[in-house]
Amino acid sequence: QVQLVESGGGLVQAGGSLRLSCAASGHTFSRYAMGWFRQAPGKQRELVAAISGSGLSTNYADSVKGRFTISRDNVKNTVYLQMNTLKPEDTAVYYCAAGSSRATLNSADYWGQGTQVSVSS
């Protein structure tokens with residue numbers, strides 16, 4: 001069983017930055033691929049960024065490439081999402097997820113409760 005707790009959301013002006021954190025319980029964190037998803041009101045959930053268990057492989061949604069960076073610390077059992085040059089369209093609830101591979105994160109086994117990110121224009 002893995003429990004995920006996100007933090008770091010908030011209100012920021014367009015062009016600003018935020019760093020989200022997702023702390024995981026358990027002793028097998030490095031076995032899991034991790035992902036950050038977001039869901040805006042009236043829109044479907046989308047994968048923003050994903051990272052392999054080792055941290056060596058990552059992938060990003062086209063809309064955030066060059067602005068967001070996913071990373072992980074397998075000693076601290078934490079995954080991060082550094083978000084720079086934020087835009088109003090980045091406003092959403094952000095969730096982290098843990099699964100067996102990056103390719104299957106949409107059906108991940110474990111999800112956090114979400115953290116709100118709001119970007120004002």
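The shortest side-chain heavy-atom distance between S57 and R102 falls under the 4.5 Å cut-off. The side-chain heavy atoms of I51 and V79, taken from C-beta on, include a pair separated by under 4.5 Å. Between L18 and Q82, the closest side-chain pair of non-hydrogen atoms is not below 4.5 Å. Side-chain contact between I70 and Y80 is absent, with no heavy-atom pair separated by less than 4.5 Å. Looking at heavy atoms from C-beta onward, K87 lies in side-chain contact with R67 at the 4.5 angstrom threshold. Side-chain contact check for V64 versus M83: every heavy-atom pair is 4.5 Å or farther apart. Side-chain contact between E6 and S21 is absent, with no heavy atoms from C-beta onward closer than 4.5 Å.
When every heavy atom of Q39 is checked against every heavy atom of Y95, the shortest pair comes out as CB-CE1, 4.4 Å. The two atoms that bring L47 and A61 nearest to each other are O-CB, 3.4 Å, heavy atoms only. Closest non-hydrogen pair, A98 versus A108, comes out as O-CB, 3.4 Å.
Going from atom CZ of R19 over to atom OG1 of T69 covers 11.5 Å, rounded to the nearest 0.5 Å. Distance check: L81 CG to S71 OG gives 8.5 Å after rounding to the nearest 0.5 Å. Note: S25 OG to N77 CG = 8.0 Å, rounded to the nearest 0.5 Å. Distance NZ/K76 to CG/N74: 12.5 Å, rounded to 0.5 Å.
Under 3.5 Å, the side chains of T104 and S101 contain a donor-acceptor pair of N or O atoms. Side-chain contact, D73 with T78: no donor N or O sits under 3.5 Å from an acceptor N or O.
Heavy atoms from other residues, nucleotides or ligands lying under 6.0 Å from CD of Q113 number more than 12. No more than 12 heavy atoms of other residues, nucleotides or ligands shown are found within 6.0 angstrom of CZ on R31.
Under the salt bridge (charged side-chain N to carboxylate O under 4.0 Å, His left out) criterion, R38 pairs with E46, D90, not counting sequence neighbours. Applying the salt bridge (charged side-chain N to carboxylate O under 4.0 Å, His left out) criterion to K43, with sequence neighbours excluded, gives no partner residue.
The backbone N or O of F29 sits less than 3.5 Å from a side-chain atom of R72, completing a donor-acceptor pair.
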Next item on the list: Could you go through the side-chain contact (heavy atoms from CB on, under 4.5 Å) check for V48 and Y94 one step at a time?
Entry: CA-CA 9 Å; V48 174; Y94 284 69; 4.3 Å; yes
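Separation of the F68 and W36 ring centroids does not fall under the 6.0 Å cut-off.
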Which pairs of donor and acceptor atoms, one on a side chain in residues 114-121, lie under 3.5 Å apart (sequence neighbours left out)?
| from | atom 1 | to | atom 2 | distance (Å) |
| --- | --- | --- | --- | --- |
| T115 | OG1 | G9 | N | 3.3 |
| Q116 | NE2 | A92 | O | 3.4 |
| Q116 | NE2 | S118 | OG | 3.3 |

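Under a hydrophobic-cluster definition in which Ile, Leu, Val, Met, Phe, Trp and Tyr are linked whenever side-chain heavy atoms come within less than 4.5 Å, directly or via other members, V93 and L4 are assigned to different clusters. Cluster annotation: M34 is connected to L20 through the hydrophobic network of ILVMFWY side chains, with a link wherever side-chain heavy atoms come within less than 4.5 Å.
Using a 30° and 60° split on the angle between ring planes, F37 and W111 fall in the tilted class, from 30° to 60°.
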